[in-house]
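Letters go in sequence order (proteins before strands), and every chain restarts at 1.
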Protein chains: 2
Amino acid sequence: MSTPTRRPRADATRNRAALLAAADDAFAADGAGASLSAVAAGAGVAIGTLYKHFPTRRALVGALLAERHDALFARAEGVDLATWLRWVAEHAATYRGLAELIASDLHAPDEAGDRLAADCARMAAITERTVGAADLRADVTVDDVVTLMNAAAWTREQQGAEAADRLIATTLRGMSP
Amino acid sequence: MSTPTRRPRADATRNRAALLAAADDAFAADGAGASLSAVAAGAGVAIGTLYKHFPTRRALVGALLAERHDALFARAEGVDLATWLRWVAEHAATYRGLAELIASDLHAPDEAGDRLAADCARMAAITERTVGAADLRADVTVDDVVTLMNAAAWTREQQGAEAADRLIATTLRGMSP
DNA sequence: ACCTGAACACCGTTCAAGT
DNA sequence: ACCTGAACACCGTTCAAGT
């Protein structure tokens, strides 16, 4: 029943790579809401080609974050909660608007089953595991920690790393027994 | 040297009121980034009239919030820090995107000297006064509390009142001596 | 199998012309 | 003194036509 995976045409491979590179530049400069026309132009490709490769902005962002997420999750093994929260906040600063995107997916997981949704599910699982290994007050829920993680990521975006780190440290103190 | 204030023409007064009403509807429904064309249409007025009355989106938002801010600041007298933070978070939920607007102004005050900037300055002053009256650890700064206030406002927008209230309560516990 | 770019529907902002 | 709406420059998204 499954369609055999065929080798993509050489120009398709090249265009996809050029689109990702141009999108990374544009998102880094203007945030995750940057102009897609500009991305296509930057990649030297027609706008229709961008939509062929990435039907939605979300798909493009998800593809760009895939490697970063793999790297982030790979080094999360055995790390303590404070460090994990700082890393996620730092990660969310990759593109302006990313904190909101991740927060909304963590809060209401996307049913579409795309790459970004899968990554957010992995992020939620790691957070839950890390919370389990931490020593916290009995009335603190995993949701409370996810809320702090999202808030710290947004604070990192708006006000920088120091403000985010201080929020994490102070709130975790309030969560300790 | 000062220009005498003249009575505005009757149609101007009416149009201004219609624009504010239409903008409140649009911003409540679609957030503070809602279409200004739609606002003008909703007010039964040409787009140029909107720009005449409110040269920037910020001016329109500032005019809409003026009354709300007056009410909020009026009842802030003598209130404790936890309550003040909950009120600001609740207020920021008026329009989607408002938390970010206020946070950026508190962090980097607008020099333009418009109504919104003045209101944010008042908000900062009340926060400082309320922090002064609270019993907090010596290493907690006013900036830390402003960070929490902004984060709670954004959390209120994204995840609702319960998540925001729990973040405030937990973080304040971490700030207490 | 993939790419192009015109087409459509929108939006923000300005400004000459009206009354 | 104020209002109108055309004009301009942009953007997202689709889809027929090409190779």
Got a donor-acceptor contact below 3.5 angstrom from the A/T171 side chain to the A/I168 backbone?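 Pair absent, no side-chain N/O of A/T171 close to backbone of A/I168.
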Mind calculating the distance between [atom1] ([X]) and [atom2] ([N]) to the nearest angstrom?
{"X": "B/N15", "N": "D/dA1", "atom1": "CG", "atom2": "P", "answer": "17 Å"}
{"X": "A/L50", "N": "D/dT14", "atom1": "CG", "atom2": "P", "answer": "12 Å"}
{"X": "B/R7", "N": "D/dC2", "atom1": "CZ", "atom2": "P", "answer": "12 Å"}
{"X": "A/K52", "N": "C/dA1", "atom1": "NZ", "atom2": "P", "answer": "9 Å"}
{"X": "A/R57", "N": "D/dT14", "atom1": "CZ", "atom2": "C1'", "answer": "16 Å"}
{"X": "A/F54", "N": "C/dC3", "atom1": "CZ", "atom2": "P", "answer": "11 Å"}
{"X": "A/R9", "N": "C/dA1", "atom1": "CZ", "atom2": "P", "answer": "10 Å"}
{"X": "A/I47", "N": "D/dT13", "atom1": "CD1", "atom2": "C1'", "answer": "8 Å"}

What orientation do A/F73 and A/W84 show, parallel under 30°, tilted 30 to 60°, or perpendicular over 60°?
->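 Judged by the thresholds at 30° and 60°, the geometry between A/F73 and A/W84 is tilted.
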- According to the Watson-Crick and G-U wobble definitions, with both distances under 3.5 Å, which nucleotide is paired to C/dT14?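 Across all strands, the one nucleotide that pairs with C/dT14 is D/dA6.
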- request: Give none if C/dA1 has no partner; otherwise give the nucleotide forming a Watson-Crick or G-U wobble pair with it, both distances under 3.5 Å.
  value: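 Across all strands, the one nucleotide that pairs with C/dA1 is D/dT19.
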Exercise for review: Would you check, one step at a time, whether the test side chain to side chain donor-acceptor pair (under 3.5 Å) holds for A/D144 with A/T147?
Suggested key: CA-CA 5 Å; A/D144 289 337; A/T147 292; 5.4 Å; no
Residue mapping more 5' on DNA chain D - nearest nucleotide basis, A/G48 or A/L36: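 Nearest nucleotide further toward 5': that of A/L36.
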Here's a test of your reading of the structure: between B/V45 and A/P55, which maps to the more 5' nucleotide of DNA chain D?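 The residue whose closest nucleotide sits nearer the 5' end is B/V45.
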key: Stepwise side chain to side chain donor-acceptor pair (under 3.5 Å) check, B/D24 with B/Y95   = CA-CA 9 Å; B/D24 183 56; B/Y95 309 128; 2.6 Å; yes
Contact under 4.0 Å: B/H53 side-chain N or O vs D/dC3 OP1/OP2: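 Affirmative; the distance criterion is met.
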- Distance from A/D135 atom CG to A/L172 atom CG, nearest 0.5 Å?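 So the gap between those two atoms works out to 11.5 Å.
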Candidate nucleotides C/dC3, D/dT13, C/dG12, ranked by approach to the side chain of B/S37 - the nearest |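 The closest nucleotide is C/dG12.
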Inset, instruction - Would you mind telling me which of C/dC2, C/dC11, D/dT14 lies closest to the side-chain atoms of B/S35? - result: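 Given the options C/dC2, C/dC11, D/dT14, the side chain of B/S35 is closest to C/dC11.
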* How would you label the contact of A/T49 with the nucleic acid (heavy atoms, under 4.0 Å): base, sugar-phosphate, or nothing? ->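 It contacts base atoms.
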